[in-house]
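Worksheet for the structure shown next.
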Amino acid sequence: MMGERAGTSPSGGSWALVTGSTSGIGRATAVGLAQDGYSVIVTGRDRDRAAETRRSVESAGGRAIDLIADLGDPASVRKLVEQVREAVDGPLDVLVHNAGGGGFAPTESTPEDMFDAAFNLHAKAPFILTGAFAPAMAERGRGAIINVGSLSTSMAAAGTAAFQASKAALSMMTKSWTAEYGPRGVRINSVDPGFILTPVNEGIRDMYGTYLASLPAGRGGDAEEIAHVIRFLVSPKASYVNGATLTVDGGKNAVVVM
Ligand SMILES: NC(=O)c1ccc[n+]([C@@H]2O[C@H](COP(=O)([O-])OP(=O)(O)OC[C@H]3O[C@@H](n4cnc5c(N)ncnc54)[C@H](OP(=O)(O)O)[C@@H]3O)[C@@H](O)[C@H]2O)c1
C-alpha cells in the first residue's frame, strides 16, 4: 500500500530526468538516484561534463543516457522532450527541475534578453517538461517532480529581480502542479538550497567565509546534502509530502545573526 501511495519506487525500469545534471547539485542527484535504482537521463549544455556524469552514474551501478539541451531555448527544450521519448524504455517516474544560473543586474540595466533567459530557464523549461511528462505520470498514478528553487524564492537581494522572480514562478508551480496532478498520484515538491559549495560558487566562496561561519551549521552545504533531500522527497518515505517546500540552508532562514 505504501509503495502504491507513494508511487515512486523505481520498479520496472523507472527513469529519472535530472536537468542541470552536468554539475553540482544535479550531478549529485543523478548519481544518488542511480544508487536508489533509477535509470537516469543526464542533461545540460556541456557535452564533456554530461558524458562524465553519465559515466559516474554507470559506476554507481545505474543506467544512464546523456542528452544535450539548452533549456534557455524553448525549441531545444521541445527537442529534448522528443529525444527522451525516443530514448527511454520504461516509465519516466521522476523529474527534477534543477538547471539554473544566470546573470544579475540592477533592474534598470537588466537587458530584456537577460530577463527572458531567466524565465525561459527557471520557469518555461520546467513548464514545458512537466506538460510533456506529468500527464503520463498521472495516467500511471505515480510520479514525483522536484523544483529546485533558491532562498531567493522567498527573500530579496538587490540586483537580482529577474533571477528571483523567475525562481518564484517555479516555486508557485509547485503548488499549481500539486493542485493539477496531485489528485492523480503525482507528488510535486520544492527544495530551496542555501549556500551550497558547487562550481557556481567556486569564485566567491572565500568572500563568504565569515557569513558561512555565522550560520547555525557553521559552514556552506555540499551538493550531496541537497541530493539526499531530493532523493528522500521522491522516495516512498515521503509519500504524504505534497506541494511542500523544504529549505536546506544550514539554518540561515531560521535565525537572525546578531
Ligand atoms: N549552489 C548554491 O548555493 C545554490 C543556492 C540556491 C539555489 N541553487 C540552485 O540549485 C540549482 C543547481 O545549482 P548548482 O549550485 O548545482 O550550480 P552549477 O554547479 O552551476 O550547476 C548548474 C547546472 O545547470 C545547468 N544549466 C545552466 N544553464 C543551463 C541552460 N541554459 N540549459 C541547460 N542547462 C543549464 C548547468 O549545465 P551546463 O553548464 O552543462 O549547461 C549545470 O548542470 C540551480 O537551479 C541553482 O539556482 C544553488
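Order of listing sets the numbers, starting from 1, for every ligand and every atom in it.
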Does ligand 1 have any atom sitting under 4.0 Å from a heavy atom of [X]?
X: Pro199; value: yes
X: Ala50; value: no
X: Arg27; value: no
X: Gly102; value: no

Practice prompt. Report the distance from atom CG of Leu233 to atom CG of Asn147, rounding to the nearest 0.5 Å.
Written response: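 Going from CG on Leu233 over to CG on Asn147, the span is 11.0 Å.
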Item to complete: Starting at CG of Asp116, measure out to CG of Leu121 and round the result to the nearest 0.5 Å.
Response: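 Atom-to-atom, Asp116:CG and Leu121:CG are 12.5 Å apart.
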Worksheet item: Do any nitrogen or oxygen atoms of Ile25 come within less than 3.5 Å of a nitrogen or oxygen of ligand 1?
Response: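 Yes, there is a polar N/O contact under 3.5 Å.
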Item to complete: Return a yes/no value for Pro193: is any of its N or O atoms, backbone included, closer than 3.5 angstrom to an N or O of ligand 1?
Response: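 No: no nitrogen or oxygen of Pro193 is under 3.5 Å from one in ligand 1.
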Side chain, backbone, both or neither: which part of [X] has a heavy atom under 4.0 Å from ligand 1?
X: Ala125; result: neither
X: Ile226; result: neither
X: Leu121; result: side chain
X: Lys167; result: side chain

Which of these, [options], has its nearest heavy atom closest to [atom]?
atom: atom 9 (C) of ligand 1; options: Ala117, Gly100, Ser150, Gly149; value: Gly149
atom: atom 15 (O) of ligand 1; options: Leu197, Leu71, Thr198; value: Thr198
atom: atom 44 (C) of ligand 1; options: Leu170, Asn120, Leu151, Asn98; value: Asn98

Give me the residue, atom name and distance of the protein heavy atom closest to [atom].
atom: atom 4 (C) of ligand 1; answer: Gly194 O, 3.7 Å
atom: atom 18 (P) of ligand 1; answer: Ser23 OG, 3.5 Å
atom: atom 20 (O) of ligand 1; answer: Val200 CB, 3.4 Å
atom: atom 43 (O) of ligand 1; answer: Thr22 OG1, 2.7 Å

Worksheet item: Heavy-atom distance under 4.5 Å between the side chains of Ile25 and Ile230, does that happen here?
Response: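 In contact.
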Item to complete: Determine whether Phe133 and Arg85 make a side-chain contact, defined as any pair of heavy atoms from C-beta on separated by less than 4.5 Å.
Response: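 In contact.
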Worksheet item: Which ligand 1 atoms, with their elements, are less than 4.0 angstrom from a heavy-atom of Gly24?
Response: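 The atoms of ligand 1 under 4.0 Å from a heavy atom of Gly24 are 16 (O), 19 (O).
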Item to complete: Considering the heavy atoms of Phe195, write down every atom of ligand 1 situated less than 4.0 Å from one of them.
Response: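 Checking each atom against Phe195, I get 3 (O).
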Worksheet item: Looking at Leu95, Leu67, Thr19, which hits side chain to side chain contact (heavy atoms under 4.5 Å, CB included) with Ile41?
Response: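 For Ile41, the side chain to side chain contact (heavy atoms under 4.5 Å, CB included) check succeeds only for Leu67.
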Worksheet entry | Aromatic plane relationship, Tyr208 with Phe195 - under 30° parallel, 30 to 60° tilted, over 60° perpendicular |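 The arrangement is tilted - the two ring planes meet at 30° to 60°.
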Practice prompt. Using the rule that two of Ile, Leu, Val, Met, Phe, Trp, Tyr join whenever any of their side-chain heavy atoms come within less than 4.5 Å, decide whether Leu33 and Val229 are in one cluster.
Written response: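 Linked within one cluster.
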Practice prompt. Would you please test Asp89 and Arg63 for salt bridge (charged side-chain N to carboxylate O under 4.0 Å, His left out) and show each step?
Written response: CA-CA 11 Å; Asp89 57 3; Arg63 289 194 309 162; 3.0 Å; yes
[X]/[Y] ion pair, N-O < 4.0 Å:
X: Glu52; Y: Arg47; result: no
X: Lys252; Y: Asp249; result: no
X: Glu58; Y: Arg54; result: yes

Item to complete: Check whether more than 12 heavy atoms from other residues, nucleotides or ligands sit under 6.0 Å from atom OH of Tyr211, and answer yes or no.
Response: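 Enclosed.
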